[in-house]
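In what follows, every heavy atom counts, from backbone to side chain, and hydrogens, waters and symmetry copies are set aside. Chain naming here is simple, since letters A, B, ... match the order of the sequence lines and numbering starts at 1 in each.
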Amino acid sequence: MAAAAAAGPSPGSGPGDFPEGPEGEAPERRRKAHGMLKLYYGLSEGEAAGRPAGPDPLDPTDLNGAHFDPEVYLDKLRRECPLAQLMDSETDMVRQIRALDSDMQTLVYENYNKFISATDTIRKMKNDFRKMEDEMDRLATNMAVITDFSARISATLQDRHERITKLAGVHALLRKLQFLFELPSRLTKCVELGAYGQAVRYQGRAQAVLQQYQHLPSFRAIQDDCQVITARLAQQLRQRFREGGSGAPEQAECVELLLALGEPAEELCEEFLAHARGRLEEELRSLEAELGPSPPAPDVLEFTDHGGSGFVGGLCQVAAAYQELFAAQGPAGAERLAAFARELGSRYFALVERRLAQEQGGGDNSLLVRALDRFHRRLRAPGALLAAAGLAEAATEIVERVARERLGHHLQGLRAAFLGCLTDVRQALAAPRVAGKEGPGLAELLANVASSILSHIKASLAAVHLFTAKEVSFSNKPYFRGEFCSQGVREGLIVGFIRSMCQTAQSFCDSPGEKGGATPPALLLLLSRLCLDYETATISYILTLTDEQFLVQDQFPVTPVSTLCAEARETARRLLTHYVKVQGLVISQMLRKSVETRDWLSTLEPRNVRAVMKRVVEDTTAIDVQVGLLYEEGVRKAQSSDSSKRTFSVYSSSRQQGRYAPSYTPSAPMDTNLLSNIQKLFSERIDVFSPVEFNKVSVLTGIIKISLKTLLECVRLRTFGRFGLQQVQVDCHFLQLYLWRFVADEELVHLLLDEVVASAALRCPDPVPMEPSVVEVICERG
Amino acid sequence: MEDDAPVIYGLEFQIHIIDFDDENNIINKNVLLHQAGEIWHISASPADRGVLATCYNRTSDSKVLTCAAVWRMPKELESGSHESPDDSSSTAQTLELLCHLDNTAHSNMACVVWEPMGDGKKIISLADNHILLWDLQESSSQAVLASSASLEGKGQLKFTSGRWSPHHNCTQVATANDTTLRGWDTRSMSQIYCIESAHGQLVRDLDFNPNKQYYLASCGDDCKVKFWDTRNVTEPVKTLEEHSHWVWNVRYNHSHDQLVLTGSSDSRVILSNMVSISSEPFGHLVDDDDISDQEDHRSEEKSKEPLQDNVIATYEEHEDSVYAVDWSSADPWLFASLSYDGRLVINRVPRALKYHILL
């Protein structure tokens, strides 16, 4: 304590007071922290302060250190310090010793009283303990006496205790017996009150005992009574069970009680299912009634809701109750339930399918999809409960089937829309003609048709897309992820539609109305352009759209865009070729009639171009305008500006001379042939019905070729008088003047017309051609 | 005439008889003058090789009349045995007129056909909308109208072509008018069948399959050749669309009916192999007796895969419209075609195909 007191103020006085520790600021701070820690751990500050002051804690020269050695200290002082300092430290030392002495004295005086009082207390405690020892001894003797007494009392009471125990046992037995004897009446009462559960519990409790003691007549009687009552109870329970109106949970309760009564599980199982069947069939009937034709059928969503809550809910309850009640039945019972569920399920499905079939005609997909979604969702619960019945799979199958049918329906719809468009176009084409207007806006019609078809396709895609929406419960089935997208939508719907469109278009080429009466030529032209447009852009656009909307990602091979494009192009080509044939035929017929019906022998000298030729030119111009609305101009061979003039001179002078001259002399027919053959050696063979390219010039060339070839053949079948020949000459020159501008190679027109005139000359017994200048004048006048 | 194939073709006022010597590849020409007028149709009697019938135009008073007559060739030409004719054009001989098929009632004879395999006594002519059956009596010097029938209907109906069926004891004749094909029974002169709209446009020609009764080929302005079973007139059995212009002629080969020849005004002659609808759809099963050439007998055994219908060859020798094609009556592998510019081309069936059919 003294050390503590002495060391107490030393940290306050600072480190500078210590001769051996002249250290810097940092260690001082460290020491301060250490000091606080030391304080916390109860070590004296003096000890703590001394240690960091010197590097060695065991320094024997440390005055306050634990290992202080006075000799060493003195030695050190003597060796290191000069005399004055020694003197100083000596006086200092003496002063310190004195101070310490006085301090010690003060402390002793101050604490003296405390020492005395402590001594007194210890003495007093000694006295008290002696007294306590005596009392404890007395207590021990008393306890011994008490033990003795207690043992004696127990011995005395032993006998009675045994009797009491026996009596208690008898009492319990008697109470049980009483319960048994009262059992029949209690049971009766319970039965009367309808507390079947209580009755069954009583019966269950008594059953074992009665079974055990049934050899005793009285128990036998009770048992018999009980059995009678139980039978009645069972009867009533069954009664209630059969009445059945009370709903599934109560029935389940009945069955549970009956099972507790030990009724045969098989039979109950059957009956339970039979009842459940009755109820579920009721549901089915009500569904069927909704389906019936007479009442206004609720929409399909409502229908599936009813079915879901009524039938599927009921089925769930039945299945859950059954599995709870008849769990002991094992796999056979489960199988029975599965068969039950399967049978009813299939009937339910049949109803649903009938209802869905009614929906097929409708246009609203979203309602149908929602209904299907609900239907599918509802069936997941029994599906999980009754995996063996395969309800969920069947439901998925139905949904898939409906989806397929829907696709088919949409395909039909698209086809119908396409045909509708065609009908509209036909009407539009027919109408303006009645009104007397020229040139119905073919380009406009085409745009209308294209956009209307495209919008139909988009609408169908959007409608079908509902089937794959994320929130729909069946959209993650493998069918809807894979096959539906690729085979169903892409192949079946889109590709199928484009194909059928091409087929429909092609059927116009094959139609029996080859005379052109069935299909308006403008429609052929329009369809051809439509198909061509499809080939160039629309098909790839639609397919890209489809692929984007329905991330087609499975292994099924799909029709590549190029194949479809090729088909479309082929269709366009056929349509255009057919258009050329039809239009060519129209003009051909006109020319043919004009040649066949005229009497060429007795015709008068030509004064005019025949009206038919004007009509031909007019029609050709009309066709040119019509085709120009939809097709580009195309390439034609370069020609000089005054080509009509030039060709006329060639045609009427040189060739005419060359070819007509010999026919004046019938004696030299070989020369004619020779000349004409040589002529032909230098001209290319003309393919009359040659394939057409997709441009206006090619189309017009085809039509004119067909027409002129017809004219040629018809002329060869007739006999001409002189004026007949001249008329032909005039007509041909007129055609020459107007037709060259339509064709790709005007040489062709010249060639064919030359042929016509040459043939007419050959068919003329008196071939005197008209003067070219006169021909020119007549044509220019006409 | 075993090796020679006489072909007769008409030109204005002349009839040329061409002898083709198969062995030496020599063509001989004899010219007969036909003074009555320009010839539009010609047909030879099946019984008497010296007799032929023509339809010809007679122009009088700026009117054209088409008449028909039966003629006899000079005797020495008939035999076909003379070897080296001199320049025959200079010594043109004249046909001997046997009889006119009297046309006072009916003008415009379109076509004359002999009864095939008959004794050359019966002949049918088509005039406008009438079909006339003539009996030639007293060695063809007199023609008596035996019976006739006419086509009634809207507009001006006009027969364009007709053929006498070699089947059914030669009692059937088929005619074409506009787009319609009609069959007639020559005993009652009544219509048996009618194929409406057989072609899209005018029907130009027709021919009976010589080996398969009921089968009939037709061609027309719609560039198509159609094959019909006359028992089912709603649908053609087969349609060919090889030509690019009107088809003027269609002819079955007389013995191998899979070979069909067509001539068209696109200047082409096309030889087609219509095996699937021929009488020998699986190839020839029995060896033909009249193969005399040694080289025809190749002992190589060829595998007989079923043949496909195809175009055997397209002949483009003509520069102008081909108006007539026909098979040689003597050599089944030979045929000729005639075009507007007067060129006559004689062709043979390709050798490979011939052996394929025969072996």
Side-chain angles (χ1 to χ4, degrees), chain A residues 510-516 581-582 584-585 588-589 592 596-597 599-603 666-667 669-670 672-691 702 705-706 709-710 712-714 716-724 755 758-759 762-766, chain B residues 11-14 37-38 40 56-66 89 110 155-156 158 160 178-179 196-202 204 220-224 234-236 239 241-248 264-268 316-323 339-344:
Chain A
D510 307 327
S511 60
E514 282 176 11
K515 289 178 178 172
K581 281 192 183 174
V582 168
L585 187 62
S588 294
Q589 293 289 16
R592 190 165 128 190
E596 277 179 0
T597 52
D599 183 3
W600 290 100
L601 274 175
S602 54
T603 186
S667 59
M670 290 309 290
T672 325
N673 292 337
L674 193 66
L675 273 174
S676 95
N677 283 345
I678 291 171
Q679 179 81 44
K680 278 173 188 161
L681 279 181
F682 295 100
S683 60
E684 280 174 35
R685 185 191 289 265
I686 299 163
D687 246 344
V688 182
F689 291 106
S690 56
K705 263 196 307 195
I706 291 173
K709 181 75 178 173
T710 305
L712 173 66
E713 294 296 339
C714 290
R716 285 180 180 178
L717 290 176
R718 302 287 298 180
T719 308
F720 294 86
R722 177 198 295 180
F723 296 130
E755 271 311 317
S759 297
L762 267 180
R763 298 291 313 145
C764 177
D766 179 24
Chain B
L11 191 78
E12 202 174 335
F13 308 121
Q14 290 183 347
E38 87 183 307
W40 282 87
Y56 58 92
N57 268 2
R58 201 166 54 198
T59 316
S60 59
D61 311 334
S62 71
K63 273 194 87 174
V64 179
L65 265 173
T66 315
S89 53
Q156 275 198 323
K158 204 173 163 187
T160 53
D178 199 23
T179 62
E196 300 267 10
S197 309
H199 284 265
Q201 300 170 50
L202 192 72
R204 291 274 166 195
D221 285 3
D222 56 359
C223 316
K224 288 174 188 164
T234 50
E235 283 283 318
T239 302
E241 208 172 350
E242 304 291 344
H243 285 290
S244 70
H245 203 244
W246 305 351
V247 186
W248 285 74
S264 153
S265 44
D266 63 358
S267 326
R268 291 190 182 93
E316 309 208 354
E317 283 91 350
H318 293 286
E319 300 286 350
D320 209 326
S321 307
V322 178
Y323 290 125
S339 63
Y340 175 77
D341 51 14
R343 183 180 295 183
L344 178 84

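Classification of Glu38(B) and Arg763(A) as a salt-bridged pair holds, one side-chain N sitting under 4.0 Å from a carboxylate O. Ion pairing between Glu241(B) and Lys581(A) holds under the 4.0 Å rule for side-chain N and carboxylate O.
Once rounded to the nearest 0.5 Å, the distance linking CG of Leu712(A) with NE2 of His245(B) reads 8.0 Å. In this structure, Leu585(A) CG and Asp221(B) CG are separated by 9.0 Å, a value rounded to the nearest 0.5 Å. One finds the CD1 atom of Ile706(A) at 8.0 Å from the SG atom of Cys223(B) (value rounded to the nearest 0.5 Å). Leu202(B) contributes atom CG, which lies 4.5 Å from atom CZ of Arg592(A) (distance to the nearest 0.5 angstrom).
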- Chi angles and distances behind the side-chain contact (heavy atoms from CB on, under 4.5 Å) call for Lys709(A), Asp266(B): CA-CA 9 Å; Lys709(A) 181 75 178 173; Asp266(B) 63 358; over 6 Å; no

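Of the atoms belonging to Leu717(A), heavy atoms from both backbone and side chain fall under 4.5 Å from chain B. Ser588(A) does not touch chain B: none of its heavy atoms, backbone or side chain, sits under 4.5 Å away.
For Ser265(B) and Arg716(A), the side-chain atoms include no donor-acceptor pair closer than 3.5 Å.
Under the rule for a ring-ring contact (aromatic ring centres under 6.0 Å, His included), the partners of Tyr56(B) that lie at least two apart in sequence or sit in another chain are His34(B). Taking the ring-ring contact (aromatic ring centres under 6.0 Å, His included) definition, one finds that Trp248(B) meets it with Tyr323(B), sequence neighbours left out.
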